[in-house]
Amino acid sequence: MTINSRLVAFLLASTVCLVTVAFLSVLDTAEPKELVLVGCLSFASVFLLSYVAFEFLIFREIKNLTEAIDKINRKGFKGQVSERLASSPSTNPLRLVRNEIEAYAGRKQKEIDELKKLEIFRREFIADVSHELKTPLFAAQGFVLTLLDGAVDDEAVRYKFLKKAAKSLDGLSMLIQDLLTLGQIESGDITMHFEDLDLTALARDIFDQLEAKAKKRGSEMVLLAPPGQPLWVHADYTRLGQVLTNLLGNAIKYGKEEGRVTLELLPQPGRVTVRVSDDGPGIAKEHLKRIFERFYRVEKSRSRQQGGSGLGLAIVKHILEKHQAPISVSSELGQGTTFTFDLPLVDGH
Ligand code: ADP
């Protein structure tokens, strides 16, 4: 037999009716007809009252509660708790308990979803890293094994293969270095050394460092900055240098041969806009929003051939985030690509 509001109301009404009739009979003040009438009236009123109270205040809420828990058990909780809670403020303690449970389950579900996402991300990351490490390592191993198999006796082949093995190992070491940098920036292990620095002077240093690379591809490097006017920004010299190196390096690598790579430092009121552009083949729209992801490459083989780790732009994005300077990119196929970010100018120099 299941206990429901009707049964409880019936039992309660019967008890009250019996007690009332028994009490009146003992007093011996009422006629049998009146006793029946009083009995019926007390039964009906107590039954109605308790049925309504139990059904609407307790049993229905308990049913809702069990349904809610059942739903959570069966398929997790994706309910729009906040809107529902907001639309049904209540003073009923059972409803409050239900709302609390739903809100708690909603919060937990969000955490679970987040953890699931992180787990997928972690798995993909490990797969990517393993793949990226494997490629240069296996290539170097191949060259060394071929040499050991006898190619070492051929002087021309020996030198060529050793050079190729060294290039693969260079790529591996660069990849590991980039991975370490990215990990340290993300985990906050790297402390940024913020100082006031002249952006134009930093840009000139980076231009000097990239001169040989640009020469190799016949690229023309152009620095557009206000002449004779230092641009003071508050930044980490080494890290901001790395941002410029990566962006300009990419513009040289992926821009067209004998193309033009431009770094523009455009002072605005209170800030300076930094713009790195090239006149290369550009990046298609579908790739554009993904190029800041780790290991994302537009043309995989070409990027690897150019010595790219696939982490350069992820590092740029993270460093600039630490400088509160979000980066944006625009590109036109066949026209070129432009990366832009703003840094606040500092006064008092
Ligand atoms: P990588 O280390 O392989 O160069 P990045 O993270 O620096 O990786 O860049 C991601 C991808 O974005 C590159 O593999 C390349 O395909 C594309 N890319 C970056 N900069 C440019 C650019 N200036 N022009 C065209 N493609 C670019």
Side-chain angles (χ1 to χ4, degrees), residues 121 124-125 128-136 139 167-186 203 206-207 209-210 213-214 216-224 239-264 274-322 326-341:
F121 179 74
E124 280 176 3
F125 180 65
D128 281 343
V129 171
S130 322
H131 179 76
E132 297 293 332
L133 290 175
K134 193 182 75 184
T135 314
K167 195 177 170 206
S168 293
L169 291 175
D170 277 350
L172 188 65
S173 124
M174 197 182 77
L175 170 66
I176 292 171
Q177 191 50 53
D178 279 356
L179 269 173
L180 285 174
T181 309
L182 199 59
Q184 284 169 333
I185 298 173
E186 277 184 352
I206 305 299
F207 264 55
Q209 287 167 28
L210 289 172
K213 196 173 178 173
K216 249 191 192 168
R217 274 183 71 81
S219 313
E220 183 195 359
M221 300 267 290
V222 182
L223 173 61
L224 298 176
R239 300 289 158 205
L240 192 58
Q242 193 168 6
V243 166
L244 295 181
T245 306
N246 289 6
L247 291 176
L248 289 164
N250 277 354
I252 297 169
K253 267 196 298 191
Y254 304 114
K256 70 173 176 211
E257 260 190 289
E258 304 193 345
R260 192 179 148 104
V261 172
T262 312
L263 170 61
E264 197 179 351
V274 182
R275 211 172 275 156
V276 177
S277 44
D278 63 69
D279 52 2
I283 304 168
K285 281 230 155 34
E286 69 266 27
H287 298 298
L288 213 50
K289 51 183 176 299
R290 298 200 58 192
I291 54 171
F292 293 101
E293 289 173 21
R294 308 156 199 239
F295 300 122
Y296 192 82
R297 296 179 173 101
V298 178
E299 281 181 72
K300 298 201 181 336
S301 57
R302 182 147 173 263
S303 160
R304 279 215 188 85
Q305 209 183 328
Q306 303 274 8
S309 68
L311 295 172
L313 288 179
I315 292 176
V316 164
K317 186 172 160 239
H318 275 91
I319 293 177
L320 287 178
E321 271 169 11
K322 298 269 174 201
I327 186 164
S328 63
V329 57
S330 63
S331 189
E332 198 70 48
L333 279 180
Q335 303 286 310
T337 307
T338 301
F339 291 88
T340 312
F341 61 91

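Please read all numbers here as calculations on a predicted model, not as lab measurements. Atoms within each ligand, like the ligands themselves, are counted from 1 in listed order.
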**Message:** If we set the cut-off at 4.0 Å for heavy atoms, which region of D278 has an atom near ligand 1: side chain, backbone, both, or neither?
**Reply:** side chain
**Request:** Would you mind running through ligand 1 and noting each atom that sits below 4.0 Å from a heavy atom of S309?
**Result:** 1 (P), 2 (O), 3 (O)
**Message:** Can you name the atoms of ligand 1, numbered from 1 with element, that are less than 4.0 Å from a heavy atom of G312?
**Reply:** 2 (O), 5 (P), 6 (O), 7 (O)
**Prompt:** Are side-chain heavy atoms of L244 and V274 found at a separation under 4.5 Å?
**Reply:** yes
**Message:** Measuring from non-hydrogen atoms of K253 to any atom of ligand 1, is the shortest distance under 4.0 Å?
**Reply:** yes
**Atoms in ligand 1 with a heavy atom of I291 nearer than 4.0 Å** = 10 (C), 12 (O)
**Asked** Among T338, I283, I291, which residue meets the side-chain contact (heavy atoms from CB on, under 4.5 Å) test with S331?
**Response** I283
**Request:** Could you list the atoms of ligand 1 found under 4.0 angstrom from a heavy atom of Y296?
**Result:** 10 (C), 11 (C)
**Reported CD1-to-CG distance for the pair I315 and L320, which is rounded to 0.5 angstrom** = 12.0 Å
**Nearest neighbour of atom 27 (C) of ligand 1 from the list N250, V298, I283, L248, on a heavy-atom basis** = I283
**Atom pair CZ (R217) and CD1 (I252), whose distance is rounded to the nearest 0.5 Å** = 9.0 Å
**Atom indices of ligand 1 within 4.0 angstrom of R297 heavy atoms, with elements** = 3 (O), 14 (O)
**Item:** Which of the ligand 1 atoms, numbered from 1, are nearer than 4.0 Å to a heavy atom of T337
**Value:** 24 (N)
**Item:** Pairwise distance CZ(R294) to CG(D128) - rounded to 0.5 angstrom
**Value:** 9.0 Å
**Request:** Describe, in one word, how the ring planes of F339 and F292 are oriented to each other, choosing from parallel (under 30°), tilted (30 to 60°) and perpendicular (over 60°).
**Result:** perpendicular
**Prompt:** If you count the atoms of ligand 1 from 1 in the order shown, which ones are under 4.0 Å from a heavy atom of L313?
**Reply:** 5 (P), 6 (O), 7 (O), 9 (O), 10 (C), 19 (C)
**Asked** Taking only heavy atoms of G310, which atoms of ligand 1 are found under 4.0 Å from at least one of them?
**Response** 1 (P), 2 (O), 3 (O), 6 (O), 8 (O)
**Asked** Would you call E132-R297 a salt bridge at under 4.0 Å N-O?
**Response** yes
**Request:** Can you measure from CG (L263) to CD1 (I206) and round to the nearest 0.5 angstrom?
**Result:** 10.0 Å
